[in-house]
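Here is the structure we will look at.
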Amino acid sequence: MTDEIKVPKGLANVVVDRTSIATTGASGNLLYRGYRAVDLADRKSFEEVAYLIVYGNLPSGDELVAFRARLNENMKLDERTIKVMDILKEKDIMRNLRSIVSLIPYRNGDINETFIQMEAKLPLISAYSAHAAYGKPMKNMEGEFFAEKFFSMIADPHKKKYWKSLEKLMILYMEHEFNASTFALRVAASTLTDPVSAVTAALATLKGPLHGGANSEVLSYLSGIRDEKDAAKFVEDKLSKKEKIMGFGHRVYKKKDPRAQYVKEELRRIAPDDPKFRAAEYVENYMFEKKGIPANVDLFAAVLMDFLGIDEVFNLPVFACSRIFGWNAHYSEQVSDNKLIRPAAEYSGPEERDL
Ligand code: COA
């Protein structure tokens, strides 16, 4: 083959295209359209940041009102969707999200309108899935804001005063340039398939344990760690078996994940004595001392959601309900300057032979 370019496995450090949506490159900070994600989490609402990601600039007052209204009017499920979930009773909420989102009709060519449908319905599909599969009561959706509404359906009502902590986490989960699920979405978009199909591919990719699935596995090990000695033993055991510890390491952040540090400080503020928070810090310290591998956002996200009374089954759906706004922006960016993504492979099978 002519003009062959060999790249490292996993495409690590390979720049495959340009994006104006977000970067992790600038001095270790995650930037959304130029703004530090942590500053946005501090000072802006989920809807304002979602608008910024999707449209490229922060909304004016009127734009924000209109965007919220479009989300609100689509925050409902139709009979057909409810019936399918009742039949499936799928316990894995991410599987359900992937299946149910794929049923959302794509009728016209308006990309953002189709995305609004998916963005508004994902929190409801998540909450209703758990109701259908586990018989958990379907809580009423309350509040004015997107994250507040989601909180009311999945979190402990006694923790209501902390709903903005969920909002902050969701802002930090919203976008992360060419991560695996977004790249899967861009590959799909590059074939000019519809947004619903592209999001289905992204949800299927997000679900894997090396990507979003990590946050669901963190709590089970943290609950067995009471002190520094337990943490050291846990890390040593895992490393000696050459097993990965979920919630640690990152393809891009080799020294520090700014999102992890932000969520850690949020926990220090609202839940300094939470036993799982302490356990997470013990493991973080030992892991860094021993291997120099920093915690990623999933470590503290899992602890935060646990503190807010959000059942573990929702951990990854929360991530998906945020990241879909990033997928929206990437879908539009890909199709607006498209080239089919179709790499080549180095063949390692048998030589040509006669049958
Ligand atoms: N636990 C233990 N060791 C880890 C580790 C972890 N979570 N993450 C990385 N390492 C080690 C690897 O074993 C490897 O060590 P070696 O050089 O001695 O073989 C080294 O760090 C580099 O890891 P590698 O897997 O090549 O890095 P990557 O950039 O390909 O992978 C992840 C990044 C995210 C896939 C990886 O860190 C991981 O699997 N983490 C756990 C899953 C997770 O939390 N994912 C959520 C990401 S936000």
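Whatever order the structure lists ligands and atoms in, that order sets their numbers, starting from 1.
For atom 42 (C) of ligand 1, the nearest protein heavy atom (residue, atom name, distance) is Met246 SD, 3.5 Å. When hydrogens are left out, the protein atom nearest atom 11 (C) of ligand 1 is Ile293 CD1, 3.5 Å; that is the closest non-hydrogen contact. Considering only non-hydrogen protein atoms, atom 34 (C) of ligand 1 sits nearest to Gly249 O, 3.9 Å. In terms of protein heavy-atom proximity, atom 2 (C) of ligand 1 is nearest to Met287 CE, 3.6 Å. For atom 1 (N) of ligand 1, the closest non-hydrogen atom on the protein side is Ile245 N, 2.9 Å. From the protein, the heavy atom lying nearest to atom 28 (P) of ligand 1 is Arg251 NE, 3.7 Å. Atom 43 (C) of ligand 1 has its closest protein heavy atom at Ala214 CB, 3.4 Å. Nearest protein heavy-atom neighbour of atom 8 (N) of ligand 1: Lys244 CD, 3.7 Å.
The aromatic rings of Trp163 and Phe145 lie parallel to each other, their planes meeting at an angle below 30°, with 60° marking the opposite boundary.
Less than 4.0 angstrom separates atom 38 (C) of ligand 1 from at least one non-hydrogen atom of the protein. Atom 30 (O) of ligand 1 lies below 4.0 Å from at least one non-hydrogen atom of the protein. In this structure, atom 48 (S) of ligand 1 is in close contact with the protein, since a protein heavy atom lies within 4.0 Å of it. For atom 14 (C) of ligand 1, the nearest protein heavy atom is 4.0 Å or more away. The presence of a protein heavy atom under 4.0 Å from atom 20 (C) of ligand 1 is ruled out. Per-atom contact check: atom 23 (O) of ligand 1 does not touch the protein, criterion being a heavy-atom distance below 4.0 Å.
Between the choices Tyr253, Phe319, Phe248, the shortest heavy-atom distance to atom 41 (C) of ligand 1 belongs to Phe248.
Listed by chain and residue number, Asp86 satisfy the side chain to side chain donor-acceptor pair (under 3.5 Å) test with Tyr128 (two or more places apart in sequence, or in another chain). With sequence neighbours excluded, the residues forming a salt bridge (charged side-chain N to carboxylate O under 4.0 Å, His left out) with Lys276 are Asp306, listed by chain and number.
The six-membered or imidazole ring of Phe234 lies away from that of Tyr286, with a centre-to-centre distance of 6.0 Å or more. Checked against a 6.0 Å centroid threshold, the rings of Phe277 and Phe307 do not count as neighbours. Ring pair His176/Phe319: centre-to-centre distance not below 6.0 Å.
Once rounded to the nearest 0.5 Å, the distance linking OH of Tyr106 with CG of Asp194 reads 6.0 Å.
Both the backbone and the side chain of Leu210 come within 4.0 Å of ligand 1, judged by heavy-atom distances. At a 4.0 Å heavy-atom cut-off, ligand 1 touches Lys291 through the side chain alone.
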Checklist entry - Would Glu177 and Thr19 satisfy side-chain hydrogen bond (donor to acceptor under 3.5 Å, both in side chains), going step by step from the backbone distance to the final call? => result CA-CA 7 Å; Glu177 42 111 313; Thr19 180; over 6 Å; no
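Side-chain contact between Lys149 and Asn72: present, with at least one pair of heavy atoms (C-beta onward) separated by less than 4.5 Å.
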